[in-house]
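See structure below.
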2 protein chains.
Amino acid sequence: MQSRTPPARTGRPRSAAADAAILAATRDALVEIGWSRMSLGDVAQRAGVAKTTLYRRWAGKNELVVDAVAELFDELVLPDGDSLAADVVGVVLQFGELLQRPETRTALMAVVAESTSDPALRLRIRTAIVDRQKRLVLQGRARAQRRGELPYETEPAVAEQHADLIFDVIAGTVVHRALVSDGPVDEAWAKALAGLLIAGLPAAMG
Amino acid sequence: MQSRTPPARTGRPRSAAADAAILAATRDALVEIGWSRMSLGDVAQRAGVAKTTLYRRWAGKNELVVDAVAELFDELVLPDGDSLAADVVGVVLQFGELLQRPETRTALMAVVAESTSDPALRLRIRTAIVDRQKRLVLQGRARAQRRGELPYETEPAVAEQHADLIFDVIAGTVVHRALVSDGPVDEAWAKALAGLLIAGLPAAMG
DNA sequence: ACAGTTACGCTACGACCCGTAGCGAAAGCT
DNA sequence: AGCTTTCGCTACGGGTCGTAGCGTAACTGT
């Protein structure tokens, strides 16, 4: 996921500290000066690293930012809820908090925007960030099925389609709420969303 | 929504043709070379207009692109369905087609990304693009309520919260599906989404 | 200890884009 | 006519880009 690490058996090894410093400096720079105005020279200076070092490890701004933000998403976990609704609310709140952090929102949207005209980058985002979080949906569904809240799918293909749809709904809705509509992702809102998903529209409005 | 038009009563009027040419050139340039590599000099040249003219009308790249893409969203209409599910499917398909066009996806995500560190731009996006499309949700709900598919809300505040939630769910989910998961927004997927929204998760999986 | 290999910091470079200023000409109004 | 505003054009200083070249630092093998 980070820079290529083909076992360089001989010679001076790459500084792991430099890697961490660069990624941290990238997040800081994104917060303070935004995506479009952030220059790689800035990042290098903040990280206490030569600009050339940065170009030796990453191909460009996009790849660097993807790596810088990817690890932020790994902190998401499925909380220990006692019902499907509680699990959904927990994940939604966590994701909402993550998107509240300036480095996350700026970086995530910036790389997604770039990926609309760069298929390789889009694939990199999916593998490094998005697909890794589908585990949350799979875990939540498995728990709900054990509780009897959801039926077991018989066709594996159908089961995968369901998981993909749920993932798009939850992730997309939270992103839209937090970044476009600019409304709070608080417990009341999360409960409303969970209620809609589980009980359906007529019940949620009743 | 476009450049300020304080009634310049005297003097040479601004060319409306130039406005249209600039906005069209902006969309073309976005498609061909992407957001980050698109320069305003390019746009001016494509539009057959001097670069200075462009800067006289728009403050910068962000504002220009917002205007260039805003009008694309006004073509969305609520189709004449005979049920709530049909209406949802119709809107989802239209929105999906809109996001399939390269200029829409690139421009929309680019300005949303920039807006994460620019509150004024975020407000401009909401007023020029997003909020105008909530009409679709309001129309669809009103129809469903007349059909008896949905209950009438008594509290206006609750009614607005419902509409905002539905809007975030539909718009966010379609955007996530089209631009992040990179899957097709076809009739089968739209029906699955509509079924989930209306009947709820357990029923949609049954 | 020593040679070999790779990463590092530093400097410098041409190329490009930015946003603005100044000019003369064009296009409308009274 | 005279006035006013916009237009196209040119030019400018300032910044970023991505790369090349150099000497030095760090680690590995014999």
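Chain letters run A, B, ... following the sequence lines, proteins first and then strands; every chain starts at 1. Side chains are part of it too, since the values below use all heavy atoms of this structure and drop only hydrogens, waters and symmetry mates.
- For D:dG8, the base has a donor-acceptor partner in the side chain of B:Arg56 [N/O atoms by modelled type, under 3.5 angstrom].
- Whole-Å rounding puts the B:Arg37 CZ to C:dC18 C1' distance at 18 Å.
- Under a 3.5 Å cut-off, the side chain of B:Arg141 and the backbone N or O of B:Ala159 do form a donor-acceptor pair.
- With D:dT5, C:dT20, D:dC9 as the candidates, the nucleotide lying closest to the side chain of B:Ala50 is D:dC9.
- Taking the nucleotide of DNA chain D with the nearest heavy atom to each of B:Ser15 and A:Leu40, the more 5' of the two is matched to B:Ser15.
- In this structure, A:Thr53 does not reach the C:dA7 phosphate: none of its side-chain N or O atoms is under 4.0 Å from OP1 or OP2.
- A donor-acceptor contact under 3.5 Å is formed by the side chain of B:Arg12 with the base of D:dT6.
- Whole-Å rounding puts the B:Ile33 CD1 to C:dC16 P distance at 14 Å.
- Look at OH on A:Tyr55: it is 15 Å from P on C:dG9, rounded to the nearest Å.
- One interatomic measurement links the two molecules: CD of A:Gln45 to P of D:dC17, which rounds to 12 Å at whole-angstrom precision.
- Summarising the geometry, the separation between CG on A:Leu54 and C1' on D:dC17 is reported as 13 Å, rounded to the nearest angstrom.
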Exercise for the section: I would like to know whether A:Met109 and B:Glu114 meet side chain to side chain contact (heavy atoms under 4.5 Å, CB included); could you show each step before the answer? Expected result: CA-CA 8 Å; A:Met109 286 297 101; B:Glu114 286 297 312; over 6 Å; no
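- Counting only N and O atoms by type, the side chains of A:Ser117 and B:Thr106 include no donor and acceptor under 3.5 Å apart.
- Toward the 5′ end of DNA chain C lies the nearest nucleotide of B:Asp42, the other residue of the pair B:Asp42 and B:Pro13 mapping further downstream.
- In this structure, B:Lys191 pairs ionically with B:Glu187, as a charged nitrogen and a carboxylate oxygen lie closer than 4.0 Å.
- Summarising the geometry, the separation between CH2 on A:Trp58 and P on C:dA7 is reported as 14 Å, rounded to the nearest angstrom.
- Atom pair B:Arg46:CZ and C:dC17:P shows a separation of 12 Å (rounding to whole Å applied).
- Contact of A:Lys51 with D:dG18 (side chain to base): a donor-acceptor pair of N or O atoms is detected under 3.5 Å.
- At the heavy-atom level, A:Thr52 lies under 4.0 Å from base atoms of the strands shown.
- Contact check on A:Asp168 versus A:Lys134 returns no salt bridge, with no Lys/Arg side-chain nitrogen under 4.0 Å from an Asp/Glu carboxylate oxygen.
- Comparing C:dG19, D:dT19, C:dG9 by their closest approach to the side chain of A:Val49 singles out C:dG9.
- No donor-acceptor contact under 3.5 Å links the side chain of A:Arg14 to the base of C:dA7.
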